[in-house]
Structures are given as structure tokens and as C-alpha cells.
Enquirer: 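Here you go, one structure.
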Amino acid sequence: MTTHPTSARPSDAPDRSADAAQRGADADWWRQAAVYQIYPRSFADGRGDGMGDFRGIISRVPYLRQLGIDAVWLSPFYPSALADGGYDVDDYRDVDPRIGTLEEFDELVAELHGVGIKVIVDIVPNHSSDRHEWFREALESPRGSNARRRYIFRDGRGENGQLPPADWESVFGGPAWTQVPDGQWYLHSFAKEQPDFNWEHPEVREDFLRTLRFWSDRGVDGFRIDVAHGLSKDLAEDLPSKAELEEIPKDGNHPLWDRDEVHEIYAEWRKVFDEYDPPRIGVAEAWVETAQRRAKYASPKGLGQAFSFDLLEADFEAEDFRRIVSDNLAQSAETGSSSTWVLSNHDVVRHATRYGLPPRDGRPGKQGVEWIMAGGPEDEIDRELGLRRARAATLFELALPGSAYLYQGEELGLHEVVDILDDQRQDPAFWRSAPGDRGKDGLGRDGCRVPLPWTRDGSSFGFGEDGSHLPQPDWFAEYSVEGEEGLEGSTLEMYRAALARRRELQTDETLTWDEELCRGEVLGFERPGGWLNVTNFGDSPVAVPEGDVLVTSAELESGPDGQRMLPGAATVWLRRPQR
Ligand code: GLC
């Protein structure tokens, strides 16, 4: 496990007393962890019904151990109608019977812990599902009742309240207010099956503390907090219109997003985390405006860590990557948290595909996301270049100080699956946006959620015995675990080698840019112990500096005078001779 020098611990961090020296190391396990996100319904199907489950994950624990990760983050596995892939939770303290049972959850945790892998579960506190017992009770209860006050109900506008309280749009498109049979309306920031909780209600607050203890008592090591910036709302006054809402800066006072008082909630959660030894950890999914606002979520008095999506949102460009890394490291040094890095997750186009999109507006990658989301055409994606860059970016990411959050399938170099028929799609972001006006979310997020290929052939490429709940394309065969295992130069073997090296090399959270190497489209930085990362973002080969090669994302070439050269779109890790 990685350790962290105590000097980086902020002075206001909680004193964990007693045998702190021994426990201190363990309490810091998260600071530089490689965390692997499992989307349970699409990882491995152990029961043979086309849907991934706990039995499937348990059967793949040896794979996870061999991959060399420190922790898994499980996306929601709670009972759900799957209106939003499980982010519509019916019951926060149970398991979807299609995924398993609480006993199987315990077994999974024990298996993972047995091989030294920590477990993070997803908490979805902004909204429940409309099948949650509290929401059903709210529908059966009169206006103004306690049951209604746990959610956000309002009367409508217009003479008979026939108009929604405001003309707001949900994040997935379509209206954010839905009317119930007695005429009132409720707020849902996402799909209509996801009613927003009223976090001013003490029972809501209490219930989530109970949920945090419930899973902590079952041995989970931490929590990923969904839409962490959405819980607190100020809807007391007359509601602004959509146009007015858009004008309000998101600087702590916006009626819906990133309000300052949300941190009071997380201060309470921190107390619960600290009841455990080692303390449970939290990582916020908070899409906020600035790094400073994000830092509030990462405070040691709050959740402790927050995702930075800066790299995920950047093009594959040296200048951008350098700026992002420097800014994020400076930010974490200030807050006492550690930096986080993400290139892919279950909400975005996989990075192997993003980096291979045709340039749009003269810019590479990212600009093309809107285009691909609008439907293609798929054959314009340069999959080979995309994967080369993705591998280079991943090695770069894994060499950085801080935690790397990896998404299932990226270790296989998987691409986004674009070719899914409309009637096979599941994502509400697709279904709620109007055809022809699908905007940047267009095709939705199913393309990165297609079940993993484990074998070259067979039913659903070894995912399970009865097909897969989203269609897998033929080209998955080539990206299967079986196809890549033991194959020199495969993406899987690169991840394994890099993760193993990282465990050995990762020491304190510092990085020094090598100004001699940082020229034009090349970035070079050194970590303690002579661990040097060189990334070539350009097309032409560059000379590789002195040192033993540890891992490369692409085969090194030979220059005219026999010099080792790093080809374009590639990264190499070296160990520099120690002076
Ligand atoms: C988060 C999740 C996403 C989900 C949304 C609503 O952004 O990552 O998958 O749709 O919250 O819960």
C-alpha cells in the first residue's frame, strides 16, 4: 500500500490518536490508490440471465487482483427499476435481487479484502427512485404532509395549477417538474423516476447517516457520492425562470447547484466516517465551476476527496495536460486532499474513442464528442490512433501523484460502442432528448456500458451464459481478456505492468517537471526515486533520455544513430540512474 508523508497532512485534519503510526498508513490508503470502477450490471454475469451480478464479480476477483488495483468502486447495485441504470434507488440498504443478496455482498467484500482490495460503494443522495417507499408514501399523502416534505413538491402555476412551478429543464432534457394525480408537482433534476430529496428534512439527513453506517458496518471502505453538489437547494422564494436560473452564478448561492450549505451535510458525514477505523473515505462527484469550489468537497472536514474531471474534459495536448496537472496538484497541496485523475467513467465516451474522433473546428478529440453523439458516422473514428493516445494518456495518468480512477474495460483498450439500435438503448439521457435535437448527450451513455468481453467467442464473449443486456459488437473479440492476456504489448498487459510498477514506485506526492524534456509536444516529469515519465503528444518521434525502460505504451523505435526514440502518441516510464 502506498504511504504519504505526514508533512502533507493539513494541520486541521482529525487527530486519530492511539496507535496512529500503525493506523496512519492504512488511514491514508486512498491518497494514491488506483481505483477500478465496476458497473455491476455490465461486468460479469454469474447467474446467466444477461445481467452482471455479484456472483460474476466474485468469480473475477483473481482477475482484479492480477490487474493490480488498490480498490474497486461499485456503481449502484441497489434495487432499482433501472430508469437510470441503477442511479434510481428503491432501497439504499438492500441489493437488487437480479444482482445478488446482502449475503453475497458480504462474500464479495470478504473476497476482495482477502486479496488486499478495498471497496467503495456509490451513494445517491440527491434523489431516490419513484418506487422508494418514501416517494410512494408521498404520493398517497396529502399536500403539505410530512411525507411530501421529504421531497420537493410545489403547487403549479396558472389558474388551476396546470403549469409547472417553473419552466426548468432536467439534466437529461425534458421538464424538471412532473405533475402527480392530485395536481401538485415534484422536482426531479434528472429523470422523472428520480424525485429530488428535500435535504432540509431531518429524516432525510438521518436516513443517509443510517445508510452510511449500514454499509460501513458491512465493511466497505468508502463512498462515491453521486451528484454531491446538488443536495442543498433554496426554493423558498418565487422560483426563477429557466432563463433567469441560467444567469445565476454557481458560486455558492445558486438555488440548485453547489450551495455553500451542502458542506454542513458532509461535515456530518465526516463524523460518521471517523467513527470507523480506518476512517471511511468519501469521493465527491461534483460538477462545479472552479477548482476552488471543488476543493470544498475535498476538504478533510468534508468528504475528503473529489473527482477532477479536468483531464477527462481535455484534448490530448501537452499544454493542456501540463496546466491541468499543475493546477490540480497546487489545489490539493492547499486543501490537504490528494489529487484525483479520471479519463473514463460510465457517463462519458470512452477515452480510446474520444482521442480518435476526427478534428472538429480545427481541434482534435473532444470537439468531436458532440458529433459522435449525434450519430457518427462511426467509420470516421480513427480507432488505432485513439487507442495509441489513450494508452499514452493512461500511462501519464498512472505516473501522477494522487488517485487514479479507472473504468472497467479501459484496461482492454475498449472503444465506445456507437452502433446500438434505438430500441436497444437504455439511457434516459437518450430517451429524454428529442430526436434531431440530441445535443451533446445525443446517443446517451449506453456505448460505454456494454458488458465486457472476457473470451474471444462464446455466448456474449464470456460475459455470461445468456447473452448481454446491451448488444456487443463483433470487434469485441479482439479486445477480450482472453485475446489480450499474456500477449506482449496488449493494453491489458500494459495496465498490469504499469499498475505493478506504480505500487512499487509511488512514494510521496510530488512531481518535478523536467524542463529540458518539456518542449513543444513533449512532457517529461520525474517522481521521487528517479521515476521518469515522458509523453509524446505529437506525431514525430523524440529521443528517449537515459535510464532503464520500465513500461511503454508503444514500442520504442531506433533513430538514425541508433538512439532510442519514443514514437508519436506514446509514453515511456524510465528509471533514471541515481546521481
Ligand atoms: C451521476 C451519475 C450518472 C447519473 C446521475 C444521476 O452523474 O454518474 O450516471 O445518471 O448522477 O444520478
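Owing to the predicted nature of the structure, the values given are computational and were not obtained by experimental measurement. Numbers here are sequence positions counted from 1. Order of listing sets the numbers, starting from 1, for every ligand and every atom in it. Values below: every heavy atom of this structure, side chains too, minus hydrogens, waters and symmetry copies.
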Enquirer: So which atom in W29 and which in D221 form the shortest heavy-atom distance, rounded to 0.1 Å?
Expert: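 Heavy atoms of W29 and D221 come nearest at CZ2-CB, 3.8 Å.
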
Enquirer: Given R224, E285, R445, which has its nearest heavy atom closest to atom 7 (O) of ligand 1?
Expert: E285

Enquirer: Between ligand 1 and W287, is the shortest N or O to N or O distance under 3.5 Å?
Expert: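 Looking only at distances, the answer is no, because the N/O contact criterion of under 3.5 Å is not met.
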
Enquirer: Number the atoms of ligand 1 from 1 as they appear, then name those within less than 4.0 Å of a heavy atom of D84, with their elements.
Expert: 4 (C), 5 (C), 6 (C), 10 (O), 12 (O)

Enquirer: Taking only residues at least two apart or on different chains, which pairs with a member in residues 210-219 satisfy side chain to side chain donor-acceptor pair (under 3.5 Å)?
Expert: R93-T211, D106-R218, R213-E275, D217-Y276

Enquirer: Nearest heavy atom to atom 11 (O) of ligand 1: which of I225, N126, D226, V348 does it belong to?
Expert: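 Residue with the shortest heavy-atom distance to the ligand atom: D226.
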
Enquirer: Is the positively charged end of R280 above the ring of F273, judged by distance under 6.0 angstrom from the centroid and angle within 45° of the axis?
Expert: no

Enquirer: For S338, give me all partners under side-chain contact (heavy atoms from CB on, under 4.5 Å), at least two apart in sequence or on another chain.
Expert: W30, R31, Q305, S403, E509

Enquirer: At a 4.0 Å threshold, what atoms of ligand 1 neighbour a non-hydrogen atom of R449?
Expert: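 That gives atoms 9 (O) of ligand 1.
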
Enquirer: Verify whether the ring centers belonging to W185 and Y151 lie closer than 6.0 Å.
Expert: no

Enquirer: How far is atom 8 (O) of ligand 1 from its nearest protein heavy atom, and which residue and atom name does that atom have?
Expert: D347 OD2, 2.5 Å

Enquirer: Which atoms from ligand 1 have a heavy atom of H127 less than 4.0 Å away?
Expert: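 In order of numbering, the contacting atoms are 6 (C), 12 (O).
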
Enquirer: Regarding D427 and R445, does a basic nitrogen lie under 4.0 Å from an acidic carboxylate oxygen?
Expert: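 A salt bridge links D427 with R445.
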
